[in-house]
Amino acid sequence: MRTYIVIPAYNEEKSVGRVIKSVQKQGFNDIIVIDDGSNDNTSRVAKKAGAIVYRHPVNRGLGGALGTGISAALMHGADIIVTFDADGQHDAREIRKVVQPIISRKADAVVGSRLINPKGMPIIRKIGNWGFNIITYALFGVWTTDSQSGFRAFSRKAAMKLEIKSNRMEVSSEIIKEIGKKKIRFAEVPIKAIYTDYSLKRGQSNINGVRILGKLVLRRMMR
Amino acid sequence: MSEYLVLQVIVTSFVIFAVSRSYLRFRDRNATLLEFSLWVLVWGIVLVVVWMPGLTDIPARIFGIGRGIDAAVYAAIVVLFYSIYRIYSKIERIEQEITTLTRHITLEKRK
């Protein structure tokens, strides 16, 4: 089965090269980087590291980049698609663990949850993430322990069903919503979160969280 | 009362200005007849209310609001909120369309 790793990246020249290398080291060489209109050398660094690079001419946000990445992976004939953050907060050694439920046909969508075993996550992040889990459940009726995780895996069948409309960070909750709506078989796998100064700076603040919440509620009202 | 006349004159001049703008947009075919009529209607209501403020007492009485002016202010707030919601939805849709275009261009280019 052909596994494609999709890495959305916006101004990640400092970390994307290292992330790609770490993924390759685990034997995954089909890597698609979506450069979401970066102002830095993200594209060049990613290409040099050996990834297939797609570049958005303008910045569209995480949701936009993930959607493009998943479409690209499907075009390349992927059987399994893994989404992976470019900021270095995931451990590439855990990819095998995350795709396992799909290989053994137990699930079609897997979310790597940082909160089953939240070692090293700052308390304020923990609170923010749990808040999002509750909100995601209240709005979309699917319970996850980590609705905002960027480490996911989809079977080809599930990826084709996903309809991603969000442009920005609210995409994480939207994917959970789609899993529920399309009745995609779903599993969670515990993962580690590597919190470095860099990944903390790049991640979401709780204030940004409030903005995401506003978007999600409005989105819900509009349907 | 004379202070109120000053306000009436100012509002009326503004309405004339606003309607003339809409008319120009309509003449240059940047707006449809329907859009133009809608704006004329909206500004017409403003004029009626400004010159005959007593009229607003009728809806006020129907809805059990004390004064006519209060009813007018409440109505304005509702209209404003609704327009913000409409604009928000429209922007959201445009954003999605831009993303769709961006995706299409990006995927097309590498083929």
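Computed from heavy atoms alone, side chains included, the values below leave out hydrogens, waters and symmetry copies.
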Taking CH2 in Trp130(A) as the centre, count heavy atoms belonging to other residues, nucleotides or ligands within less than 6.0 Å. Is the count above 12? yes
Neighbour count >12 (heavy atoms, 6.0 Å) for atom CZ, Phe26(B): yes
To the nearest 0.5 Å, what is the distance between OG1 (Thr99(B)) and CZ (Arg60(A))? 3.5 Å
Point-to-point distance, once rounded to the nearest 0.5 Å, from CD1 of Ile34(A) to OG1 of Thr106(B): 7.5 Å
Over all heavy atoms of both residues, which pair between Gln96(B) and Asn167(A) is shortest? Give the atoms and the distance, please. N-ND2, 3.8 Å
One should read off an interatomic distance between Lys165(A) NZ and Thr100(B) OG1, to the nearest 0.5 angstrom, of 10.0 Å
Return the OG to CD distance between Ser166(A) and Glu95(B), rounded to the nearest 0.5 Å. 11.0 Å
Please indicate whether Lys182(A) has more than 12 foreign heavy atoms, meaning atoms of other residues, nucleotides or ligands, lying under 6.0 Å from its NZ. yes
CZ (Arg103(B)) and OH (Tyr54(A)) are apart, to the nearest 0.5 Å, by 13.0 Å
